[in-house]
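Here's the structure, in structure tokens; my notes come after.
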Amino acid sequence: MKLYIGGVYQGQAELALQENPGGEIFFDFHETVRTAVQEHQDPREFARQFCDAHPHGVIVANEVGSGVVPMTAADRAFREAVGRALCIIAQRADAVTRCVCGIGVRIK
């Protein structure tokens with residue numbers, strides 16, 4: 001499994017496509033986590049199950065929050081859920097790449 005993260009429109013999706021042609025790529029994973037939480041799933045358990053179901057998947061997600069505390073409780077809960085889920089994904093991933101301005105930096 002591989003994880004590509006970065007800020008909005010930083011090129012992580014394009015880099016994932018370029019480095020994994022024909023791979024099973026899951027774009028906007030942060031939104032997948034949002035849906036799971038809305039369905040009352042624990043984000044960590046959701047991430048574990050996702051990893052088990054897609055051991056060779058390529059996950060692309062936006063960094064959410066970036067140190068800015070959201071104004072609403074719902075937005076804070078979303079940011080926390082994404083962070084917790086991505087921690088599980090990153091632990092299990094073979095490679096983690098952070099993308100900034102279209103340049104991928106391997107952090108694992």
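Heavy atoms only: backbone and side chains are in, while hydrogens, waters and symmetry mates are out.
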Check your understanding: Do Arg92 and Asp52 come within less than 4.5 Å of each other through their side chains, counting heavy atoms only?
Key -> yes
**Study point:** CD-SG distance between Gln91 and Cys51, expressed to the nearest 0.5 angstrom
**Key:** 9.5 Å
Practice item. Could you pull out the closest heavy-atom pair between Leu15 and Cys99, with the gap in Å? Key: CD2-SG, 4.3 Å
**Study point:** Derivation and outcome, side chain to side chain contact (heavy atoms under 4.5 Å, CB included), residues Phe27 and Leu17
**Key:** CA-CA 10 Å; Phe27 296 100; Leu17 282 169; 3.8 Å; yes
Revision key, fill the gap. In short, His30 meets Val82 closest at the heavy-atom pair O-CG2, 3.9 Å
Review point. Can you list the steps and then say if His54 with Glu24 is a side chain to side chain donor-acceptor pair (under 3.5 Å)?
Key: CA-CA 8 Å; His54 306 282; Glu24 181 182 30; 3.2 Å; yes
Review point. Say you draw a straight line from CD of Gln38 to CZ of Phe78; how long is it, rounded to the nearest 0.5 Å?
Key: 9.0 Å
Review point. Which heavy-atom pair separates Glu14 from Gly11 by the least distance, and what is that distance?
Key: OE1-CA, 3.1 Å
Review point. Distance-only, no hydrogens or angles: does the Lys108 side chain make a donor-acceptor pair with backbone N or O of Ala90 under 3.5 Å?
Key: yes
Check your understanding: Should the ring pair Phe29 and Phe46 be called parallel, tilted or perpendicular, given that the plane angle runs from 0 to 90° and is split at 30 and 60?
Key -> parallel
Exercise for review: Measure the spacing between CD1 of Ile89 and CZ of Arg84 and express it to the nearest 0.5 Å.
Suggested key: 15.0 Å
Check your understanding: Between Asn62 and Val8, is there a donor-acceptor pair closer than 3.5 Å when you use the side chain of the first and the backbone of the second?
Key -> no
Review point. Should Gln12 and Thr97 count as side-chain neighbours, where that means a heavy-atom distance under 4.5 Å?
Key: no
Check your understanding: What is the distance from atom CZ of Arg79 to atom OG1 of Thr72, rounded to the nearest 0.5 Å?
Key -> 10.5 Å
Exercise for review: Report whether Met1 and Leu3 are members of the same hydrophobic cluster (ILVMFWY, side-chain heavy atoms less than 4.5 Å apart, transitive linking).
Suggested key: yes
Exercise for review: Let me know which of Arg98, Gln10, Glu19 forms a side-chain contact (heavy atoms from CB on, under 4.5 Å) with Tyr4.
Suggested key: Glu19
**Study point:** Distance (rounded to the nearest 0.5 Å) between Leu86 CG and Ile59 CD1
**Key:** 8.0 Å
Revision key, fill the gap. Nearest heavy-atom contact between Pro43 and Ala85 is O-CB, 3.7 Å
Practice item. For residues Val60 and Ile25, determine if any side-chain heavy atom of one lies less than 4.5 Å from a side-chain heavy atom of the other. Key: yes
Review point. What closest approach, in Å, do Val37 and Ala81 show between heavy atoms, and which atom pair accounts for it?
Key: CG2-CB, 3.6 Å
Review point. Any donor-acceptor pair under 3.5 Å linking the side chain of Asp42 with the backbone of Glu45?
Key: yes
**Study point:** ILVMFWY cluster, Phe26 and Val33 together (side-chain gap under 4.5 Å)
**Key:** yes
Point to revise | Interatomic spacing from OG1 in Thr35 to CG in Asp28 - rounded to 0.5 Å | key: 10.5 Å
